[in-house]
Amino acid sequence: MTAEEFEEFYAHAVRRLTGQLYVMLGDLHEAQDVVQEAFVKAWSRRGRLRREAAPEAWIRTVAWRLALRRRQGLFRAERAWQRHGGAAVVDAPDPGSVVLVEALKELSPQQRRTVALRYVCDLSVEQIAHETGLSTGTVKTHLSRGRAALAPRLRDPHTEEAHGGS
């Protein structure tokens with residue numbers, strides 16, 4: 001991929017990838033950071049990236065892995081602070097959070113990623129399996145359990161009232 005092709009790819013994909021990672025992570029700033037970092041890594045290997053080889057999936061996977069590594073590092077740092085008597089870092093609640101993102105936070109990270117890849121990124125079960133390294137059966141299980149867990153949280157009370165539900 002030439003520098004010009006990469007710049008065009010970036011312009012068309014950065015917002016979509018940031019939105020996808022936001023849904024997966026539940027933190028917009030974290031999503032922006034890891035997507036930018038993944039694009040930096042992609043820039044250094046742009047000669048090997050080809051449009052037909054799904055560079056967007058590569059960047060999404062790299063961003064996901066970066067986010068997991070960061071969270072593991074934060075977890076270890078928080079545990080160290082607690083062991084040594086320091087105050088634990090607690091994020092302030094985000095009043096502008098979307099209901100879906102809040103509901104997705106209740107899922108395990110792998111379920112959240114799988115559900116986001118299916119319903120936000122519109123990937124097939126086979127594509128999700130390829131991107132995550134999971135079997136198609138495991139992907140289907142994550143999707144089924146994720147939908148079941150999300151259903152009660154995402155019910156629209158106005159729709160239920162109109163249909164006589166409680």
For this session: Verify, without hydrogens or angle tests, whether S44 (side chain) and K41 (backbone) share a donor-acceptor contact under 3.5 angstrom.
Result: yes
Exercise. E106: what forms a salt bridge (Lys or Arg N to Asp or Glu O under 4.0 Å) with it, not counting sequence neighbours?
Worked result: R153
Exercise. For the residue pair I59 and F39, what are the closest heavy atoms and their distance?
Worked result: CD1-CE2, 3.3 Å
Exercise. Roughly how far apart are L21 CG and C121 SG, rounded to 0.5 Å?
Worked result: 8.0 Å
Exercise. Heavy-atom distance under 4.5 Å between the side chains of Q36 and Y10, does that happen here?
Worked result: yes
Exercise. Within a radius of less than 6.0 Å around CZ of R46, do more than 12 heavy atoms belonging to other residues, nucleotides or ligands occur?
Worked result: yes
Exercise. Given side chains that start at C-beta, do those of L134 and Q110 come closer than 4.5 Å, heavy atoms only?
Worked result: yes
For this session: Would you mind reporting whether H130 and E126 have side-chain heavy atoms less than 4.5 Å apart?
Result: no
For this session: Starting at OG1 of T136, measure out to CD1 of I128 and round the result to the nearest 0.5 Å.
Result: 11.0 Å
For this session: Identify the heavy atoms of W58 and A38 that sit nearest to each other, and give their distance.
Result: CZ3-O, 4.0 Å
For this session: Working to the nearest 0.5 Å, report the span between OG1 of T141 and CD of Q111.
Result: 9.5 Å
Exercise. So how far is it from M24 CE to R112 CZ, rounded to the nearest 0.5 Å?
Worked result: 10.0 Å
For this session: Taking all non-hydrogen atoms of both residues into account, name the closest pair between Q20 and V120 and its distance.
Result: CG-CG1, 3.9 Å
Seminar exercise, completed: Closest non-hydrogen contact found for A129 with S135 is CB-C, 4.1 Å
Exercise. How about V115 and R147: do any of their side-chain heavy atoms sit closer than 4.5 Å?
Worked result: no
Exercise. So, for F9 and E56, which heavy atoms are closest and what is the spacing to 0.1 Å?
Worked result: CZ-N, 3.7 Å
For this session: Would you indicate whether R45, at its atom CZ, is surrounded by more than 12 heavy atoms from other residues, nucleotides or ligands within a distance under 6.0 Å?
Result: yes
For this session: State the CH2-CE distance between W43 and M1, to the nearest 0.5 angstrom.
Result: 11.0 Å
Seminar exercise, completed: What one should report as the nearest heavy-atom pair of L66 and V34 is CD1-O, 3.8 Å
For this session: Evaluate the side-chain proximity of T132 to T138: yes if any heavy-atom separation is below 4.5 Å, no if none is.
Result: no
Problem set entry | Within-4.5 Å side-chain heavy-atom neighbours: R113 and T61 | yes
Exercise. Rounded to the nearest 0.5 Å, what separation is found between the OG1 atom of T114 and the NZ atom of K140?
Worked result: 13.5 Å
Exercise. Taking C-beta and beyond as the side chain, do L25 and W64 meet within less than 4.5 Å on heavy atoms?
Worked result: yes
Exercise. Can you find a heavy atom in the side chain of L123 that is under 4.5 Å from one in the side chain of R60?
Worked result: yes
